[in-house]
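Notes to accompany the following structure.
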Amino acid sequence: MSTASTKNKLVVILGPTASGKSDLAVKLALRLRSGRNKFGIEGAEIISADSRQVYKGLDIGSGKITKKEMQGISHWLLDVANPKRRFTLAQYQKLALKAIKNIQKRGKLPIIVGGTGFYIQSVVDGIVIPEVKPDWKLRKKLEKLGVGGMFKKLKKLDPKRAKNIDAKNPRRLVRALEIVLKTGKPVQKSGRLTSQFSILQIGIKKSPGELKKNIHKRLAKRLKKNAMINEVKKLHRALSWKRLEEFGLEYRFVAQYLQNKISKEQMIEKIQKESEHFAKRQMTWFQRDKRIIWISGSHKAKQRIDIFLNK
RNA sequence: GCCGAGGUAGCUCAGUGGUAGAGCACUGCUCUGAAAAAGCAGUGGUCGAAGGUCCGAUUCCUUUCCUCGGCA
């Protein structure tokens, strides 16, 4: 009866690293299994929004959920990319939208879970990404100009963009130039689509102290029996140290340790500290979105979802 | 006890006769095909203590306390 009203619904569970997103999502999904809920939906499936968990083989270091932890709930967008290649926002957006529609078509509720704010935003706001694929050769060439050179060039080719770009940020300058050079014309801000979904965004709130403790605990667990170090060693059979360092955090510092660039103690300190920084950056990102409802326990999350599904 | 080195921002240290800086940490922020990425901004010090010289001392001199090496 109420299936029609749940048809385009989408729930997002987000939060900083080590806040317990995956657990909560599974818990919520289990509660909605068909026959057990009063909302007339056929269950729920989870879509990951994590820029590292998309890669095959990045398991322990990225905190990927295990088969067992999934408890029978389907998970999408894990292990969809080869770590040798770079996965991008646009790819994520396409795959995520496809997954959402697939899930909704079967009368189930899609739950996006993750900490990559940019990825989440790309589907929640339906960002329009300029149709210019990354050209790594061009980027390399451009980078040689340095930020000063690139900024000058952009000023000439796309003065409007140059006006509000972060003039000292090489990544932004490269992309802006890439767009002008490839399309031949200045591409101005591309705007957003109004979202096609009815969305509930729930954020998990944790105090800095709690987060710190969770990160620490989690790190100790990953280090047990050399599990994480062995994972990186294994990955190195196919990936360069440079590539591994690009993944950041655990992968960056374990790779540095294995190359004898830093000691084991330094590795641990670095992972801890950088993860704390990362969590902060994530929160800075999320806090801009006033639609997010912040909760601290799973009970509140359940309540919110019930209200949402009943609408 | 003697000799040497040093005490400057939370940490590691630079520096100057005209009341101080860097990196990291900390705080806040940016973000449209690399986002665990890449960037930006801000807070913070009576320069170990007390005297002296000087128009003026964190910088020079004396004393004193503390730390670290070496010798006893």
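Note: hydrogens, waters and symmetry copies are ignored here, and every other heavy atom, side chains too, is used. The sequence lines fix the lettering, A, B, ..., with proteins before strands; numbering per chain opens at 1.
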Applying a 4.0 Å non-hydrogen cut-off, can you work out what A:Gln93 is touching in the nucleic acid: base, sugar-phosphate, or nothing? nothing
From B:A37, B:G39, B:G33, pick the nucleotide closest to the side chain of A:Pro130? B:G33
N-O pairing of A:Lys64 and A:Asp79 below 4.0 Å: yes
Heavy atoms under 4.0 Å, any strand shown: does A:Lys168 hit a base, just sugar-phosphate, or nothing? sugar-phosphate
Would you mind telling me which of B:A34, B:A35, B:A25 lies closest to the side-chain atoms of A:Phe118? B:A35
Scan A:Glu143 against the nucleic acid and name what it touches under 4.0 Å (heavy atoms): base, sugar-phosphate only, or nothing. base
Assuming nearest nucleotide by heavy-atom distance, tell me which of A:Arg172 and A:Thr116 is located more 5' along RNA chain B. A:Arg172
Does anything in residues 15-25 of chain A pair up under side chain to side chain donor-acceptor pair (under 3.5 Å), and if so which pairs, sequence neighbours excluded? A:Thr17-A:Arg218
Hydrophobic cluster membership, with links at side-chain heavy-atom distances under 4.5 Å among I/L/V/M/F/W/Y: are A:Leu14 and A:Ile100 in one? yes
Closest to side chain of A:Arg171, choosing from B:G39, B:A25, B:A37: B:A37
Base, sugar-phosphate or nothing for A:Glu131? Non-hydrogen atoms, less than 4.0 Å. base
Report yes if a donor N or O on one partner sits less than 3.5 Å from an acceptor N or O on the other, where the partners are the side chain of A:Arg139 and the base of B:A34; otherwise report no. yes
The residue, A:Ala90 or A:Gly248, whose nearest nucleotide of RNA chain B is more 5′ is A:Ala90
Which listed nucleotide (B:U32, B:A35, B:G33) is nearest to the side chain of A:Ile127? B:U32
Just checking A:Ser275: base, sugar-phosphate only, or nothing, at a heavy-atom cut-off of under 4.0 Å? nothing
